[in-house]
Novice: 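Just dropping this structure here.
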Protein chains: 2
Amino acid sequence: MLESHQYLRQFSIKPSVQRSAVMHFLLNNRIHPTIDEIYMALSPTMPTLSKTTVYNTLDLFVEKGAVRALAIDEKNARYDVDISAHGHFMCKSCGKVHDIFDLKPSMFQIPESESFRIDSVEISYLGACKSCKGN
Amino acid sequence: MLESHQYLRQFSIKPSVQRSAVMHFLLNNRIHPTIDEIYMALSPTMPTLSKTTVYNTLDLFVEKGAVRALAIDEKNARYDVDISAHGHFMCKSCGKVHDIFDLKPSMFQIPESESFRIDSVEISYLGACKSCKGN
DNA sequence: CATACTTTTGTAATGATTTCAATAAACTAA
DNA sequence: TTAGTTTATTGAAATCATTACAAAAGTATG
Ligand SMILES: [Mn+2]
Ligand SMILES: [Mn+2]
Ligand SMILES: [Zn+2]
Ligand SMILES: [Zn+2]
């Protein structure tokens, strides 16, 4: 909790109780959670927490660069507190999202373009995970 | 229209009037359209067309491998009739999706993995396009 | 034609996200 | 401290893409 507090300050985010709780969850659950997963995980110990606050909070985290929003899952937005260069794999069967760390750093370079100002890259893989493979 | 007909057959898709019309639109409008854009474009000349049919048709096209679904746009699914290896750029301001063709072929290789069976890759870039840059 | 099978259609349900106004909390200046 | 001001949180309602479903239309087969 105090660490989350510190962590938020590094991104110049004012650490409210709710924001610290959300960041604490993200730092300790590297599962690329959805808004609902975050809300469900926190609401037992924070009964007054509103889902709108979770939306607001994640929007703020993304805006401040503390968290990255992933588009890999068409059903729900997913959030990643690990902002280092890495890719993701989603199992089309169970929906879990995993990190793919062993990719060439060059893959995350921004290509030259006259036409666009490119701000970010997302590298996504789809398929079946080990436990869903035999399905 | 006849070409779309032929094209569908190559993917063993029975070419109904609606399916041919959708494929014709995709082949001639390489804009990575949303379901709604396809529906809006076709309904004037096909007044009985149902949006459900557009959904069904695109699901079928994707299942048969004739079209690729893109996750780059969190708001709507987007569809690409170009199934060759290439990346995409979306302007966060105007929402338009453009092709990025000049990427190393190696970037589209499937990484080795003990844990997953990877079926597809998506490489996405976000930023601002030329006409939105000054915003 | 008659039957079975496939496709299309319209409506209703679902569910994630957004909007918005009211309340609560944090901050500032006197 | 207190009053006034700004910021954050909350809950309810609205929006909107997508899905589910059953009826109607179309197609193929004998
Ligand atoms: Mn990650
Ligand atoms: Mn494309
Ligand atoms: Zn799985
Ligand atoms: Zn633009």
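Quick caveat, the model's predicted, so the values are computed rather than measured. Just so we're on the same page: letters track the sequence lines, and every chain starts at 1. Side chains included, hydrogens not; waters and symmetry mates left out as well; all remaining heavy atoms used.
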Novice: Of the candidate nucleotides D:dT18, C:dG10, C:dA16, which contains the atom at the shortest distance from the side chain of B:Ser50?
Specialist: C:dG10

Novice: Do the side-chain N or O atoms of A:Lys51 get closer than 4.0 angstrom to the phosphate oxygens (OP1, OP2) of C:dT18?
Specialist: no

Novice: When you match A:Asp36 and A:Asn56 each to their closest nucleotide on DNA chain C, which lands nearer the 5' end?
Specialist: A:Asp36

Novice: Is a donor from one side chain sitting under 3.5 angstrom from an acceptor on the other, for A:His32 and A:Asp99?
Specialist: yes

Novice: For side chain to side chain contact (heavy atoms under 4.5 Å, CB included), just list the numbers for B:Val54 and B:Asp36, CA-CA rounded to whole Å, side-chain angles, deciding distance to a tenth of an Å, and then say yes or no.
Specialist: CA-CA 9 Å; B:Val54 183; B:Asp36 199 62; over 6 Å; no

Novice: What nucleotide among D:dT10, C:dG10, D:dA8 has an atom nearest to a side-chain atom of A:Arg19?
Specialist: D:dA8

Novice: If you check the A:Ser16 side chain, which of C:dT17, D:dA8, D:dT10 turns out closest?
Specialist: D:dA8

Novice: Just by distance, do the side chain of A:Arg30 and the backbone of A:Leu27 share a donor-acceptor pair under 3.5 Å?
Specialist: yes

Novice: I need the CD1-C1' distance between A:Ile38 and C:dA16, as an integer number of Å.
Specialist: 14 Å

Novice: B:Lys14 NZ to D:dT29 C1': how many Å, rounded?
Specialist: 12 Å

Novice: Just checking A:Lys104: does its NZ atom have more than 12 heavy atoms from other residues, nucleotides or ligands closer to it than 6.0 angstrom?
Specialist: no

Novice: Any side-chain N or O of B:Lys75 under 4.0 Å from OP1/OP2 of C:dA16?
Specialist: no

Novice: According to a strict under-4.0 Å criterion, is B:Thr52 in side-chain N/O contact with OP1 or OP2 of D:dA20?
Specialist: no

